[in-house]
Undergrad: 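Let me give you the structure first, and then I'll get to my questions.
Computed from heavy atoms alone, side chains included, the values below leave out hydrogens, waters and symmetry copies. It should be emphasised that the depicted structure is a prediction, and the values quoted were computed from it without experimental measurement.
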Amino acid sequence: MPGKNKKVRKWPDPVQIMLTGSGGQGLILAGIILAEAALKDGFHVAQTQAYGPEARGGASRAEVIIGSSPIDYPHVERPDILLALTQEACDKYIAEAAGDSAVITDSKLVPNSPKTTAAVSSLPIITTAREVGREVVANIVALGALNSVTGLVSWPSLEEAVLDRAPAGTAELNKKALAAGRGLAGPVSQ
Amino acid sequence: MPGKNKKVRKWPDPVQIMLTGSGGQGLILAGIILAEAALKDGFHVAQTQAYGPEARGGASRAEVIIGSSPIDYPHVERPDILLALTQEACDKYIAEAAGDSAVITDSKLVPNSPKTTAAVSSLPIITTAREVGREVVANIVALGALNSVTGLVSWPSLEEAVLDRAPAGTAELNKKALAAGRGLAGPVSQ
Amino acid sequence: MPFNVTSYFRQEMLPHIWCPGCGNGIVLRDFAVALEKLNYSRQEVVIVSGIGCSSRAAGYLDFDTVHTTHGRALPFATGIKFANPGLKVFVIMGDGDASSIGGNHLIHACRRNIDLTAIIFNNHIYGMTGGQFSPMTPRDKKATTAPYGMIEQSFDLCRLAEAAGATYVGRATTYHNQLLTRLIVEGANNRGFSLIEAVTHCPTSYGRRNKMATPTDMVRWQKESAVLIDRIKEGRASLQEGQFPVGLLHQHDAPEFTAEYLEVVKRAREK
Amino acid sequence: MPFNVTSYFRQEMLPHIWCPGCGNGIVLRDFAVALEKLNYSRQEVVIVSGIGCSSRAAGYLDFDTVHTTHGRALPFATGIKFANPGLKVFVIMGDGDASSIGGNHLIHACRRNIDLTAIIFNNHIYGMTGGQFSPMTPRDKKATTAPYGMIEQSFDLCRLAEAAGATYVGRATTYHNQLLTRLIVEGANNRGFSLIEAVTHCPTSYGRRNKMATPTDMVRWQKESAVLIDRIKEGRASLQEGQFPVGLLHQHDAPEFTAEYLEVVKRAREK
Amino acid sequence: MRKPIEIRLMQGNEACAQGAVDAGVRFFAGYPITPSTEIAEWMAREMPAIGGKFIQMEDEIASIAAIIGGSLAGVKSMTATSGPGFSLMQENIGYACMTEVPCLIVNVQRGGPSTGRPTAPSQGDVMQARWGTHGDHPSIALSPWSVQETYTLTVKAVNLSEKYRTPVILLLDEVIAHLREGVKLPDPRKLKLVERPRPRGGREEYRPFGGTMKEVPPIADFGMGFNCNFTGLVHDEVGHPSNSPAVTDRLIRRLVGKVEYDRDQIIHWEEIEMKDAEMAIFAYGCSARSSVSALKAARELGMKVGLIRPTTLWPFPEKAVEAAAARGIPLLVPELNLGQLVLEVSRVAAGRTRVRPLSRVDGELFTPMEILSALKEGF
Amino acid sequence: MRKPIEIRLMQGNEACAQGAVDAGVRFFAGYPITPSTEIAEWMAREMPAIGGKFIQMEDEIASIAAIIGGSLAGVKSMTATSGPGFSLMQENIGYACMTEVPCLIVNVQRGGPSTGRPTAPSQGDVMQARWGTHGDHPSIALSPWSVQETYTLTVKAVNLSEKYRTPVILLLDEVIAHLREGVKLPDPRKLKLVERPRPRGGREEYRPFGGTMKEVPPIADFGMGFNCNFTGLVHDEVGHPSNSPAVTDRLIRRLVGKVEYDRDQIIHWEEIEMKDAEMAIFAYGCSARSSVSALKAARELGMKVGLIRPTTLWPFPEKAVEAAAARGIPLLVPELNLGQLVLEVSRVAAGRTRVRPLSRVDGELFTPMEILSALKEGF
Amino acid sequence: MTPLQTEHNPKASLDVNIKWCKGCNLCVTVCPKGVLSLDDLGKVSVDKPEECIGCGLCEETCPDYAIRVVKDA
Amino acid sequence: MTPLQTEHNPKASLDVNIKWCKGCNLCVTVCPKGVLSLDDLGKVSVDKPEECIGCGLCEETCPDYAIRVVKDA
Ligand SMILES: Cc1ncc(C[n+]2csc(CCOP(=O)(O)OP(=O)(O)O)c2C)c(N)n1
Ligand SMILES: Cc1ncc(C[n+]2csc(CCOP(=O)(O)OP(=O)(O)O)c2C)c(N)n1
Ligand code: SF4
Ligand code: SF4
Ligand code: SF4
Ligand code: SF4
Ligand code: SF4
Ligand code: SF4
Ligand SMILES: [Mg+2]
Ligand SMILES: [Mg+2]
């Protein structure tokens, strides 16, 4: 999968991304933003999310598939990239992740590192969000971190996508959050 | 068709009877009574009637089929016996009647005798009903007359059937009506 | 040449299917007279009805007419009015149609206060299907499905409409022709939901079973049961057991739905 | 050991699916307390609900329970009660469930005055489907299907029930726990149809969009908006804009449906 | 109370009502509609004296809800309606399937679509009886051809409903519903009645929605102390809502399976003159009456015509068609619709024999003549 | 107002709403239900500014009644719902068929029966879309497999509805409805839109229900002065109720005929790799997504697999099956139900080729793997 | 059309459309002057045209629009 | 189970079922004595058991039945 960032590893085409955590962390929105950024970059995308009572307060899951040709099967079968913002989500989905996938977790909310062969980046996402200003931008911080690690989409597209969805008056906050997330990590190499 | 009255002509088996007139003349009830009498005599019967808006105040039609074995097709295709208590009904249904059928009309309400090869008995049914006591028993008078002419069912069965359906306190009136109707005509012969 | 009521009718459809002496013909005449007074153009009037003897009324009138499904006349009418608020929309329903299967649509039309004029032909019975009780059948009366007498309470439909939010509510009978015509005219002029209960009579399916065998008996019953609300208010009459008030029963001001929607349009366009 | 409310629950189903701070849990507790006071046996109580967040309540309680279809809880309950009048039948509905899709069944249950006790969880919104307006959403409030503010009038459900014939009508809020419990107990003891409107709160689908982001904001709103009817009657308070009365709002005597049916049975057997 | 055994002149609707009561139905809720109203009227008159309940509800949705409620309380329950009402009932028919609550729904078919011709006969709701509600669900529908059979099939319908814990549909048509014929009513004490399976053990081991894929789990009456939960949501064996795929799969397959696996027990059809038949009519309800007339006329002309007359329309009597198809007997399928059950006949025939639909949708019953003509025309 | 041409990330439900508006729909009435609610919410937000109407009704019965009303007033109208609501709409769907009032009904299918699993995907309402209302009636139902196609099929659905003066059903499934993909929105001014036939002459010669058996008669908007009568009763060419058998026959046959005679114009399907196929998958909606994945995997294994993907489910695309059956190509029919459209596939195949249903009813989408496995297992 | 002239109302006529009359008897009972009756076939008949005062009650009451009271100028 | 004894209410204990707590904060705001707060993971914590007067408000208000106020005899 041709990420625009040439420095990072090459992802399968299409690449499967799963964003997990708990309701209220804004992961669905993060999924949409990521998909929109990929679309801006000219990729084909399919974005889905978990619905149902479990989406209420409890666990939350967004899926994004990005590819250079139309996506056939629209669900993530095996995430190549997994973001987990709660211990529960991490424990639940790590088993599904590909052995060589990239896993990004919050260092505070996921204290127990998962047992996996995948490359795990434990990052202070929530803490950074608080520092930036408000915990609600944790999802944007996470997006920045995720794109740093994976190089999935171009930064201008990602920033544009973030700003497209930012509520009035929060543009600056969101920009800062994205930048802060970006700064949390560097690319994982092959 | 084996009528119990040996003196009258032999009807086809099954025999098809159509009672026609206007709503409020009690023809449906007459049809039911005739069918019940036939059932008491041990015949198979099928009784139907016209429903629908036309049954409201306007035209009314009851059909009875009587046979010695189960009735297959339950509607009258060609009446062998036609009772017509209004000119309108007479004009409408006479065309459907078999050429050798028996037609019984009210002499007052059907002033214009139908053009037909059938044997027409024009009888003072309504007038007789008024004489007996009340116009509402015209249907019973008609039944008496019809059975006189056709000999379809036994008189005890018919009287029993009439009385089964007579509202409380009207038994005598109905008996009288049936007898008066019976007296109006004799059997048509072959 | 004075006004001929049948000029509002689809002549080829007459005589109508109603039984001899059925009150529906009288209510329909009063409605036609009201239309004459309202002086609407032939093309701006729409008449919507449900299913029942009374609802056949729509088919006799020479306007845009819809004979809908049982109980659903009001939501059809809501769609018509909302899609084209310029139309004058009248809704004809039977008591069963409006209060039984259609009761929910009735209270919601009241609540929305959408500019429709509903005329409910209340003959206290399901006429079309041959005399089953309706929610408007008075207690102890007989019906084919209440052979031992009606045991349920009946609605005071006017009170229900008022509680649900209707802004104009009136009642008249087939005995009170002119009142009925007046209420329809006023209801039509009310900007909001108007409900007019037209107490009518069904000799065939109701009267016969309840000791009012002839149309005349039934009209007499109406004359005896209906008391003018103005007389009650003036203290010149009071309601006895079994009596009901007729006249304008309730009126109040409230925002009308299609007008309020224009507010939404404004707010949406401002955004 | 004092009474533990969860002893009335299907323990294995807890914690319930409701959002953090949802008022439904509070109403359900008050209901359980009422059941404790009513001292019914475990097998004579039946709880019927419709569809919605609130209607999931039935599934948590350890009695014979039915979670029916949206809006239809009352006719199901009518069937149960009528088939076996010995059962104590409670009906749980959301405001949308009871007043929107189920409005007709509500007014007819009132009219029949059948011995059911209905508790309407009024959170002023469609919670389960994520925040569309309901007929109980106050004017100008926001909902996903009223993004520019609600333009329709809302029902006064208690008044509607009274006009339709309910014999016991009361209202309380999640702030007024004890009042709510008392009303449910009295409603259950009323021989006839009882309606208790339990004003509850939905922070997720209603509060968030209407400047009451936290459960605490919502309970505060209730405290400020609800005025005890007794205080109003005693002249010690009056209703300000946006306020509503709580307490026993209406009560009257009328024949109860299942009891009346016994009359029919008698008449039929006499024949 | 009726006499033990008697022959009576009855209307189809009356025979249906009497059959239901004889089968143990003691709860009727309904809303009037032509041409089914006589059933409600009969119930209003007769139920009170025999300890049964009659209630006229505010509409058909409420009617079916009420009978499901009545059945939950342990009383055999039914409603009766016609097309428009049947359409309105669809949501709750699915609910009864899902919660496995026995009940009888009578649909006296009239001319459709929509208000159509309320007093005209039709067989236009046959496919709706199978597919009217959303989602996969079991379906049992019976259709009688005489007043006598209306009585017996109503008893059977109630029995099937109890046995399989599922709603059963009796598809009458206006002709049979309004027809009066002599009916021999059996001694009601000698009727074979089926009672729904009720739990035997205690609360702990009770699984109201359990059992194997082919089993019908027991159902407790409300008030018996089992404190069950019924929900239209997917639910586990105990009745708790579930989002588990395994639970979902099992439930849906069991619901349909309990009827499908037992289809041979449920399905019944009659064959007339099929032994030497070279062509056959496949007909049900009132159309079969015209067909048997036509058959007799054809036989008189020397045509070797047979008749296959299913009384079970759903589950579809595949074997009845199989046998004829295997023998290569061409089938004429007269229906008072534009060709509904004939789709199933064709599917099962699978090209092995010719299948010819004969449609009539003008609100009149087939005459024997037109069926005879079709037979003469060939396939 | 949206830009003339653009590519946007859209949810299936949004694409449906946008497509409807681009096709000229300016009246929406609905009642919320998962998983279709986003359509109503989109309409509530967007309609007011573009001069359209949005109303949330008290239930689904009122919703479809309102859109029929809106359409009678001359405005293209639609509603959106899911299984339970779709069941409730059945009576009035029949009314719209009978009165020939164009409208669009979107059913976003979810797990059934009954309340089922509101957020789980399903294709369980396919037969209901054909047979849900009572009586014979025309049926057009389309089902898209992508967000892009949801847009185009919605436009097509509105067009068909206008062209044939009949309700059209868009059968979405939860997967497509909630999926977000890039959609290329065409310039709305360049879309080919169809307007219902409107009367040209005067009132006297106008026959709102007239014309030959294959014709769609013109319809006047309320307020145009034609003073027509619409009724769900059988009616003559002018709109007056009628009990005449001839009028009845003509009406019912014309209603169905106007769609059936033109089925080739309406029906569309897509074929993938059918040229050299030795076996094929017949799939629609979300199941076709899994199928095309499976097809590619199979081709990589050297298996000559093709895909027939109808976008028109009703009228049933018989020719698509005919062609494969004539070539003896066995068909695998994966559906998220217990086997619905496969009944039609089998019927049309008529024994000429093997047809194998593949059912999934656990609330999950087929994985490509399980379809591949089925292909490997054979028929 | 049965033109009539009476003392009370010298210029009024009763226009009866007998085909529409269903014989319900309402006009007969409502007429204050006994002008109307039902004939043997149960249809309305104008028995005493000279008594008619042109009050219009019969017209207003007839459910079948079978009577019009035309007051000539 | 956090048994506690205070001056005001010497024999009451707060029985907190932390698994059921959803962190809605209602008990915290309703407590007249500031006994309760939410911890870092957003669950209730009994900060000042000694201040509790056993009034029961927290129990009555908790929508999740996560707190019981047990007054020992
Ligand atoms: C859904 C549905 N249910 C039932 C009917 C049968 N039906 C036709 S009219 C009617 C009631 C008529 O009573 P009402 O509304 O009072 O009108 P009326 O005939 O008395 O004027 C009924 C139950 C129907 N057409 N549709
Ligand atoms: C026939 C039908 N229509 C719509 C729905 C979708 N639906 C489920 S719950 C609900 C409304 C919930 O609102 P309310 O009754 O107020 O209950 P709450 O969730 O707020 O407690 C709706 C519209 C449904 N399940 N069935
Ligand atoms: S049945 Fe009653 S309401 Fe219907 S037409 Fe006859 S009299 Fe009028
Ligand atoms: S959505 Fe609202 S009503 Fe539903 S559980 Fe959440 S807070 Fe409660
Ligand atoms: S106008 Fe008056 S007086 Fe003359 S016939 Fe009519 S009712 Fe009698
Ligand atoms: S009122 Fe009209 S229909 Fe009745 S008898 Fe008089 S003229 Fe005839
Ligand atoms: S019982 Fe009262 S004082 Fe003690 S923690 Fe609870 S609310 Fe606070
Ligand atoms: S009220 Fe209950 S759920 Fe809410 S924070 Fe307190 S203990 Fe937790
Ligand atoms: Mg009525
Ligand atoms: Mg709510």
Side-chain angles (χ1 to χ4, degrees), chain E residues 61 82-88 90-91 93-95 97-99 107 109 111-120 122 124-125 127-128 130-137 231-234 243 245-246 248-249 252-253 255-256 337-338 340 343-344 346-347 349-352 360-364, chain F residues 61 82-84 86-88 90-91 93-95 97-99 107 109 111-120 122 124-125 127-128 130-137 231-234 243-246 248-249 252-253 255-256 337-338 340 343-344 346-347 349-352 360-364:
Chain E
I61 299 176
S82 184
F86 194 57
S87 287
L88 287 172
Q90 291 304 329
E91 189 196 9
I93 291 177
Y95 182 86
C97 290
M98 187 65 145
T99 50
N107 174 3
Q109 297 165 93
S114 194
T115 316
R117 289 218 7 232
T119 55
S122 163
D125 308 348
M127 288 302 260
Q128 186 190 25
R130 173 70 191 91
W131 299 110
T133 191
H134 61 282
D136 293 293
H137 58 279
T231 176
L233 285 166
V234 166
N243 284 308
T248 308
D249 185 71
I252 307 302
R253 288 184 192 273
L255 287 181
V256 174
N337 59 45
L338 285 176
Q340 297 196 3
L343 295 171
E344 284 292 277
S346 295
R347 181 179 64 79
R352 288 172 294 173
R360 186 154 191 179
V361 288
D362 66 351
E364 304 281 320
Chain F
I61 298 175
S82 184
F86 193 58
S87 288
L88 287 173
Q90 291 304 329
E91 189 197 9
I93 291 177
Y95 182 85
C97 291
M98 187 63 144
T99 49
N107 173 3
Q109 297 165 97
S114 194
T115 316
R117 285 207 24 222
T119 55
S122 163
D125 307 349
M127 288 301 262
Q128 187 190 25
R130 174 71 190 91
W131 299 111
T133 192
H134 61 283
D136 293 292
H137 58 280
T231 175
L233 285 166
V234 166
N243 283 310
S244 142
T248 308
D249 185 72
I252 307 303
R253 289 185 191 273
L255 287 180
V256 174
N337 59 45
L338 286 176
Q340 297 196 4
L343 296 171
E344 285 290 277
S346 295
R347 180 179 64 79
R352 287 170 294 173
R360 188 155 189 177
V361 289
D362 66 350
E364 303 280 319

Undergrad: Can you find a side-chain donor-acceptor pair between F/Asp136 and E/Gln340 that sits under 3.5 Å?
TA: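 Result is yes, a qualifying pair exists.
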Undergrad: Who among E/Ile93, E/Val234, E/Thr99, E/Thr231 has the most heavy-atom pairs with chain F under 4.5 Å?
TA: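 That would be E/Val234.
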Undergrad: Name the option with the most non-hydrogen atom pairs under 4.5 Å to chain F; the candidates are E/Ala246, E/Ala120, E/Gly83.
TA: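 Highest number of heavy-atom pairs under 4.5 Å: E/Gly83.
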Undergrad: With sequence neighbours left out, what residues match F/Phe86 under ring-ring contact (aromatic ring centres under 6.0 Å, His included)?
TA: none
Undergrad: Do the non-hydrogen side-chain atoms of E/Arg253 and F/Leu338 ever get within less than 4.5 Å of each other?
TA: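 Yes, their side chains come closer than 4.5 Å.
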Undergrad: E/Arg117: which residues meet the salt bridge (Lys or Arg N to Asp or Glu O under 4.0 Å) condition with it, sequence neighbours left out?
TA: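 Residues passing salt bridge (Lys or Arg N to Asp or Glu O under 4.0 Å) with E/Arg117: none at all.
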Undergrad: Can you tell if the side chain of F/Leu233 reaches within under 4.5 Å of the side chain of F/Met98, non-hydrogen atoms only?
TA: no
Undergrad: If I measure from the heavy atoms of chain E, does F/Ile61 come under 4.5 Å with its side chain, its backbone, both, or neither?
TA: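 Answer is side chain: those atoms of F/Ile61 sit under 4.5 Å from chain E.
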Undergrad: Under 4.5 Å from any heavy atom of chain E, what part of F/Val256 do you find: side chain, backbone, both or neither?
TA: side chain
Undergrad: Can you find a heavy atom in the side chain of E/Arg130 that is under 4.5 Å from one in the side chain of F/Gln128?
TA: no
Undergrad: Just wondering, do F/Leu255 and F/His137 contact through their side chains at under 4.5 Å, heavy atoms?
TA: no
Undergrad: So which residue, F/Gly132, F/Ser122, F/Pro118, F/Gly94, ends up with the most heavy-atom pairs under 4.5 Å with chain E?
TA: F/Gly132
Undergrad: Just wondering, do E/Met127 and E/Asn337 contact through their side chains at under 4.5 Å, heavy atoms?
TA: no
Undergrad: Given a strict heavy-atom distance threshold of 4.5 Å, which part of F/Ser244 is in contact with chain E: side chain, backbone, both, or neither?
TA: backbone
Undergrad: Select, from F/Ala349, F/Gly363, F/Ser114, F/Gly351, the one with the greatest count of heavy-atom pairs under 4.5 Å involving chain E.
TA: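 Among the listed options, the one with the most contacts to chain E is F/Ser114.
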Undergrad: Can you tell which part of E/Thr133 gets under 4.5 Å to a heavy atom of chain F, answering side chain, backbone, both or neither?
TA: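 Both backbone and side chain.
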Undergrad: Sort out for me which of F/Ser346, F/Gly232, F/Gly111 touches chain E most, counting heavy-atom pairs under 4.5 Å.
TA: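 Going by pairs under 4.5 Å, I would pick F/Gly232.
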Undergrad: For E/Arg360, which atoms come within 4.5 Å of any heavy atom of chain F: side chain, backbone, both, or neither?
TA: backbone
Undergrad: Please look at E/Glu364 and chain F and tell me whether the side chain, the backbone, both or neither of the residue comes under 4.5 angstrom of a heavy atom of that chain.
TA: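 It is the side chain, since no backbone atom gets that close.
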Undergrad: Using a 4.5 angstrom heavy-atom cutoff, name the option from F/Gly112, F/Ser82, F/Cys97, F/Pro113 with the most pairs to chain E.
TA: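 Greatest number of close heavy-atom pairs with chain E: F/Pro113.
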